[in-house]
Visitor: 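Quick one: structure below, then a few questions.
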Amino acid sequence: MPATTADTASQPAPDGVRHQPATNGPRHIAIIMDGNGRWAKRRHLPRVIGHQRGVEAVRRTVRAAAEMGLAVLTLYAFSTENWRRPEDEVSALMGLLKRFILADLDEFAENNIRLKIIGDMAGFSPEIVAMLGNALARTAANTGLTVVVALNYGSQDEIARAARAAAAKGAITPETISAELDTADLPPLDLMIRTSGEVRLSNFLMWQAAYAEMLFLDVLWPDFGRDQLEAAFAEFARRDRRYGGR
Ligand code: FPP
């Protein structure tokens, strides 16, 4: 007898993680929000304006994701490599992050949205760390969409940290490493989206992307919103996920 949807759902994939049936929509989407600078350049505007418009795209996308019933939206906001950008751009990004938390935290709390941070908080100012700590605590009990913001995040760093933690406890296996990743409490990544036409992972969720569908879009991040997210759901539904099987 062919496996039913429920049977398929209960079978762990080779990475040891249980995956959802292919017939459902995505539960966990991650986005590499690329193209803010190019969006601004095309309009002869300063890069920071592109980042500001990028925050508006974050807002639209979070609202749409919550309304569409997505479980987890993971956003690559600041990589371990982004510290190499000019000081004024780094400080503009920090300012935008602060303003985003201040302006949107109430909406998160009211809409049952939980905030989670992945990455290494060391390096951020005490003010930002305190602000993020407060935002995490205030939304910790929420059960709707989880918005994961990757800050000072690098996948190689995360895997190295997880491997060290797994080794300290005993065996190093895919399962024990998975259990130590920053994302250990989240459902498996279903769909990775990168905007701006670049086709690479840039040190983002490389372990978690093992069986994720990939979607590379030509749209620049400030132009992303509900329509693009709905189109991504539709594209995901057309994909045939086999996890290495047939
Ligand atoms: C890539 O554009 C974008 C970033 C490095 C930062 C993403 C940050 C935001 C959208 C704003 C802050 C986020 C939150 C959650 C408040 P780019 O500058 O690399 O663009 P380019 O490749 O066209 O130059």
Side-chain angles (χ1 to χ4, degrees), residues 29-66 70 72-109 111 113-121 123-125 127-129 131-136 138-139 145-155 182 192-205 216-226 228-229:
I29 294 181
I31 308 183
I32 302 175
M33 309 181 288
D34 198 8
N36 296 346
R38 273 161 285 171
W39 186 95
K41 194 170 178 193
R42 282 181 196 175
R43 289 160 178 79
H44 308 287
L45 293 167
R47 288 178 65 82
V48 65
I49 304 289
H51 292 313
Q52 282 171 9
R53 294 303 186 93
V55 175
E56 286 168 29
V58 168
R59 205 164 271 137
R60 286 195 299 272
T61 305
V62 167
R63 284 182 188 148
L70 189 69
V72 183
L73 178 67
T74 301
L75 301 171
Y76 204 7
F78 197 87
S79 74
T80 45
E81 289 73 32
N82 285 154
W83 295 110
R84 291 193 216 125
R85 293 193 176 204
E87 212 179 303
D88 59 341
E89 187 173 350
V90 170
S91 96
L93 283 167
M94 295 297 146
L96 285 172
L97 176 68
K98 273 193 272 185
R99 280 203 291 285
F100 175 72
I101 299 288
L102 283 175
D104 288 49
L105 185 57
D106 284 346
E107 186 175 326
F108 275 31
N111 290 311
I113 294 173
R114 179 172 78 108
L115 186 71
K116 178 181 164 77
I117 308 290
I118 59 171
D120 185 356
M121 286 294 97
F124 287 94
S125 73
E127 187 196 2
I128 291 192
V129 172
M131 192 178 263
L132 291 171
N134 168 55
L136 293 175
R138 210 175 138 201
T139 62
L145 173 70
T146 296
V147 174
V148 183
V149 183
L151 287 173
N152 194 20
Y153 174 89
S155 191
D182 296 352
M192 167 81 78
I193 300 172
R194 182 172 189 146
T195 58
S196 92
E198 307 291 345
V199 184
R200 57 179 171 269
L201 283 182
S202 298
N203 205 13
F204 190 46
L205 301 180
F216 297 99
L217 301 174
D218 281 332
V219 65
L220 300 175
W221 176 249
D223 293 326
F224 194 93
R226 179 182 300 268
Q228 289 72 23
L229 191 66

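Counting starts at 1 for both ligands and their atoms, following the listed order.
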Visitor: So is Arg43 actually on top of Trp39's ring, under 6.0 Å and inside 45° of the axis?
Guide: yes

Visitor: Test side-chain contact (heavy atoms from CB on, under 4.5 Å) on Ile31 and Leu73; report intermediate values, then the result.
Guide: CA-CA 8 Å; Ile31 308 183; Leu73 178 67; 3.9 Å; yes

Visitor: Out of curiosity, Leu229 CG to Ile29 CD1, how far, rounded to the nearest 0.5 Å?
Guide: 5.0 Å

Visitor: Going by the atom numbers of ligand 1, which of them fall below 4.0 Å from some non-hydrogen atom of Val55?
Guide: 11 (C), 12 (C)

Visitor: Would you check whether Ser196 reaches within less than 4.0 Å of ligand 1, judged by its heavy atoms?
Guide: no

Visitor: Check this for me, if you would: do Glu107 and Arg59 make a salt bridge, where the nitrogen-to-carboxylate-oxygen distance has to be below 4.0 angstrom?
Guide: no

Visitor: Evaluate Asp34 for polar contact with ligand 1, using N/O atom pairs at a separation under 3.5 Å.
Guide: yes

Visitor: Evaluating non-hydrogen atoms only, which member of Glu81, Lys41, Met33, Arg85 is closest to atom 5 (C) of ligand 1?
Guide: Arg85

Visitor: Is there side-chain contact between Leu201 and Met192, with heavy atoms separated by less than 4.5 Å?
Guide: yes

Visitor: On a heavy-atom basis, which atom in Arg38 and which in Leu220 lie closest, and how many Å separate them?
Guide: C-CD1, 4.1 Å

Visitor: Tell me the nearest of Arg53, His51, Arg47 to atom 24 (O) of ligand 1, using heavy-atom distances.
Guide: Arg47

Visitor: Which option out of Asn36, Val62, Leu75 puts a heavy atom nearest to atom 10 (C) of ligand 1?
Guide: Asn36

Visitor: Among protein heavy atoms, which sits nearest to atom 13 (C) of ligand 1, and what does the distance come to when rounded to 0.1 Å?
Guide: Ala77 CB, 4.0 Å

Visitor: Just wondering, do Asp34 and Trp221 contact through their side chains at under 4.5 Å, heavy atoms?
Guide: no

Visitor: In the protein, what heavy atom is nearest to atom 22 (O) of ligand 1, and what distance, to one decimal place, separates them?
Guide: Arg38 NH2, 2.9 Å

Visitor: Does the N or O separation between Tyr76 and ligand 1 drop below 3.5 Å for any pair?
Guide: no

Visitor: Identify, by atom number and element, the atoms of ligand 1 in contact range of Gly37, meaning under 4.0 Å from any of its heavy atoms.
Guide: 17 (P), 18 (O), 20 (O), 21 (P), 23 (O), 24 (O)

Visitor: Take Asn36 and Arg53 through the side-chain contact (heavy atoms from CB on, under 4.5 Å) test and state the conclusion after the steps.
Guide: CA-CA 8 Å; Asn36 296 346; Arg53 294 303 186 93; over 6 Å; no

Visitor: Would you mind listing which atoms of ligand 1 come within a distance below 4.0 Å of any non-hydrogen atom of Phe100?
Guide: 16 (C)

